[in-house]
Number of protein chains: 2
Amino acid sequence: MQGLTRKIVGDRWDGAFVARLRRYIEFSASEINDLRGLLEVEHSVRKRRDVVVEGGSHARLSFVKNGVAARYKVLHNGKRQIVNIIVPGDVIGLPGSFLDTTSFAVVALTDMKLEVCALDDYVALAHRRPKFGLALSWLAVHEATTYAEHIVDIGRRTALERVAHFLLEIHDRLAAVGRAAATEFDLPVSQEIMSDALGLSVPHINRMLAELRESGMIALAGRHVSFADIKRLQQLAHFEPVRLTRIPAPSQPSTIIVPKRPVDRTTVDRPAVGRPAVARHVGGRAALAN
Amino acid sequence: MQGLTRKIVGDRWDGAFVARLRRYIEFSASEINDLRGLLEVEHSVRKRRDVVVEGGSHARLSFVKNGVAARYKVLHNGKRQIVNIIVPGDVIGLPGSFLDTTSFAVVALTDMKLEVCALDDYVALAHRRPKFGLALSWLAVHEATTYAEHIVDIGRRTALERVAHFLLEIHDRLAAVGRAAATEFDLPVSQEIMSDALGLSVPHINRMLAELRESGMIALAGRHVSFADIKRLQQLAHFEPVRLTRIPAPSQPSTIIVPKRPVDRTTVDRPAVGRPAVARHVGGRAALAN
DNA sequence: CCAAATTATTGATGCAGATTAACAAAAAAG
DNA sequence: CTTTTTTGTTAATCTGCATCAATAATTTGG
């Protein structure tokens, strides 16, 4: 299973996390340096342990250098729902550190290495360097988008589609940080984790994986997954990777007060797509942007 | 149905949206004024129309002054999943304006009034006034948290629990912007919308509502809902409102470079809660924060 | 105020996926 | 290398909710 740990990028001190921020906006060496000043020395979390992100004034952000975790919630009926799988380059503490009544937990699925930073310090940095505040916004929006995709997954996809979508998403996110090859990767989670992430039972996950194998879309060897027919798989799963725009550069660098903008032929209110976007049982194809 | 429109706060020009930002951090009059400078004149969207939020350089943020909308995605199999119900004080365009491949749509469920602002302008403002960048982060984190709750809802709650949770959540969010009384409100959505939000069929939504009524937890008159036994309802739904911390004030106002922090007895790695947090079929109770 | 469209309600039938229960195969631990 | 623990696999049975269908009540719009 250590094919998973194939170290490619992100193991240098400023690896995965800085790379992640640079996906949204460029940072100068001195800016990166300021951020570095906030980071505590590297932390380790062992497999199966909880990653703690206390709220209040002890809130922190943890940047994952290495390893995989799951953010989850347990209901009183004993059922657990995993909300997101966390991979290198992701940030832990994004919902958690901001919540009064703290309600999601994170458990390490493998041994992990983290860079930890006090939220207060990060906010102070953002006051001096606004780009960091914006970068945090983009990070949070990215997170929200991933969650939105998961809602669609669980709410409206069949079991087979869900499993296919899960494989494609995890692969895509690992590949984005150099942890996966083009059409194959080591799945970093057990079927039990998948079941709690997808709202399905373990036996059924197993059957769906078997079905994907039998129908020739994937090949499985232990936890090593290869996409034998990625096109068909993507089509089945209705998969579309999440890609954010970059943070726009400010048109006029600063200080000038922008005048009130005139009304242009804007946004809002338009004929929609022919029929009632809210059709009774079915719906047509999707409408527009958001 | 116009009990819904009981105008309390949020109808003055700087109503719901500014109030929303102030939930996270205090703004001075001059700061608010800068924001005001970016807003285009008020826009209207008619019921059933799509709210357009184009991507790329035409991206915009729309602040809901009035009315209700739904953010959704339609799959190729024709099924629609509503990801979130949008109420006054919410922002439209948070995922949408940041996505390259634009994949979520927003439809107005009632007539709406919006304040629209170009994303580029907002970002430029955030460069001058870092607080706005941070406020956007908090807004996005709030959004992400709501979505996370929806994942749990759809993934692990029974149909009855889901409907109960939906009612409580919408009520809580409406009450937060002065659009609902303490234990009653006008449900701003049809059962069909609920069905697409909760991943259930319309007939089943109907049956679950009937069951909640018969068991004495709610009373229904058309779309007017009263919580007859809110305690029991909350318990059934395992409901916990989303409450974010406020943005911490910077300890040293600015410019001073914060020195590298020493390692304190930190976060991470701890015995977890007794047994394997990842138990086979069930799970124990929740563990820690995030 | 009437016609058309949308929304709510109720019932009968079927299936996707849960549940339970073994057992096999791998990892981990010693 | 052996024991223990975790993970994977398969099968039999049961059920929650979808689906389909039809009708009643509302709302909207001309």
Side-chain angles (χ1 to χ4, degrees), chain A residues 1-4 46-48 77-81 107 109-111 153-163 186-196 198-214 220-225 275-283, chain B residues 1-4 46-48 77-81 107 109-111 153-163 186-196 198-214 220-225 275-283:
Chain A
M1 205 99 330
Q2 72 269 58
L4 178 68
R46 294 272 258 349
K47 184 172 174 178
R48 243 174 263 280
N77 58 28
K79 306 221 173 211
R80 176 179 66 176
Q81 177 65 44
V107 63
L109 300 179
T110 65
D111 288 351
D153 213 34
I154 295 178
R156 289 303 188 193
R157 275 185 252 254
T158 67
L160 190 66
E161 292 166 351
R162 270 184 238 187
V163 172
D186 285 306
L187 192 62
V189 301
S190 68
Q191 294 183 5
E192 194 205 351
I193 297 298
M194 289 181 68
S195 90
D196 277 342
L198 299 177
L200 295 167
S201 66
V202 173
H204 213 240
I205 291 280
N206 192 291
R207 280 180 218 117
M208 296 302 103
L209 283 171
E211 195 170 329
L212 288 176
R213 201 182 324 117
E214 282 153 25
L220 269 178
R223 286 190 189 169
H224 188 83
V225 181
R275 37 63 276 176
V278 188
R280 177 70 163 194
H281 267 144
V282 203
Chain B
M1 205 98 330
Q2 71 269 57
L4 179 69
R46 292 273 258 349
K47 186 174 173 177
R48 244 174 262 278
N77 58 29
K79 306 218 173 212
R80 177 179 66 175
Q81 176 66 43
V107 64
L109 300 179
T110 65
D111 289 350
D153 214 32
I154 296 178
R156 291 302 188 194
R157 275 185 253 253
T158 66
L160 190 67
E161 292 166 351
R162 270 184 240 187
V163 172
D186 285 307
L187 192 61
V189 301
S190 69
Q191 294 183 6
E192 194 207 350
I193 298 297
M194 288 181 69
S195 91
D196 277 342
L198 300 177
L200 295 167
S201 66
V202 173
H204 213 239
I205 291 281
N206 192 291
R207 282 180 208 115
M208 295 304 102
L209 283 172
E211 195 170 331
L212 288 175
R213 200 183 326 115
E214 282 153 24
L220 269 177
R223 285 191 188 170
H224 188 84
V225 181
R275 39 62 277 178
V278 187
R280 178 68 165 196
H281 267 144
V282 204

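Just so it is clear, the model here is predicted, and its values are computed rather than measured. The chains referred to below are lettered A, B, ... by the order of the sequence lines, with proteins before strands, and numbering in each begins at 1.
Put simply, B/Arg223 has a side-chain N or O that comes within less than 4.0 Å of OP1 or OP2 on C/dA8. Within the 4.0 Å cut-off from OP1 or OP2 of D/dT19, at least one side-chain nitrogen or oxygen of B/Lys79 is found.
Straight-line distance from the CD atom of B/Glu192 to the C1' atom of C/dA5: 13 Å, rounded to whole Å. Atom CG of A/Asp111 is separated from atom C1' of C/dA28 by 13 Å (rounded to the nearest Å). Distance B/Leu198 CG to D/dG16 P: 18 Å, rounded to the nearest Å. The distance from atom CD1 of A/Ile193 to atom P of D/dT6 is 13 Å, rounded to the nearest whole Å. The distance from atom CG of B/Asp186 to atom P of D/dT27 is 12 Å, rounded to the nearest whole Å. Between the P atom of C/dT9 and the CE atom of B/Met194 lies a distance of 11 Å, rounded to the nearest Å. B/Ile205 has its CD1 atom 15 Å from the P atom of C/dT10, to the nearest Å. In this structure, CD of A/Gln191 is placed 13 Å from P of C/dA18, rounded to the nearest angstrom.
Here the shortest heavy-atom pairing between B/Gly199 and B/Arg162 reads O-NH1, 3.9 Å. Between B/His224 and B/Asp186, the shortest heavy-atom contact is ND1-OD1, 3.0 Å. The two residues B/Ile154 and A/Ile154 come nearest to each other via the heavy atoms CG2-CG2, 3.6 Å.
Consecutive Watson-Crick or G-U pairing (both distances under 3.5 Å) extending over three or more pairs maps onto DNA chain D as C:1-30 with D:1-30.
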Return the polar atom pairs (N/O with N/O) between nucleotides 10-15 of chain D and the protein under 3.5 Å, or none.
from	atom 1	to	atom 2	distance (Å)
D/dA12	N6	A/Arg207	NH2	3.3

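No side-chain donor-acceptor contact under 3.5 Å links A/Arg156 to the backbone of B/Gln81. A donor-acceptor pair is defined here as one N or O able to donate and one able to accept, closer than 3.5 Å; no such pair exists between the side chain of A/Asp111 and the backbone of A/Arg46.
In this structure, B/Leu209 reaches neither bases nor backbone, as no heavy-atom distance under 4.0 Å exists between it and the strands shown.
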Trace of the side-chain contact (heavy atoms from CB on, under 4.5 Å) decision for A/Met208 with A/Gln191
CA-CA 11 Å; A/Met208 296 302 103; A/Gln191 294 183 5; over 6 Å; no
Walk me through whether B/His204 and B/Ser195 qualify under side-chain contact (heavy atoms from CB on, under 4.5 Å).
CA-CA 8 Å; B/His204 213 239; B/Ser195 91; over 6 Å; no
Given side-chain contact (heavy atoms from CB on, under 4.5 Å), test A/Asn77 with B/Glu161 step by step and report yes or no.
CA-CA 11 Å; A/Asn77 58 28; B/Glu161 292 166 351; 4.0 Å; yes
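Counting only heavy atoms from C-beta on, B/Thr158 has its side chain closest to D/dC17 among D/dT19, C/dA8, D/dC17.
Of the residues near DNA chain D, B/Lys47 and B/Arg162, the one whose nearest nucleotide (by heavy atom distance) lies more toward the 5' end is B/Arg162.
Going from atom CG of A/Leu209 over to atom CG of A/Leu220 covers 5.5 Å, rounded to the nearest 0.5 Å.
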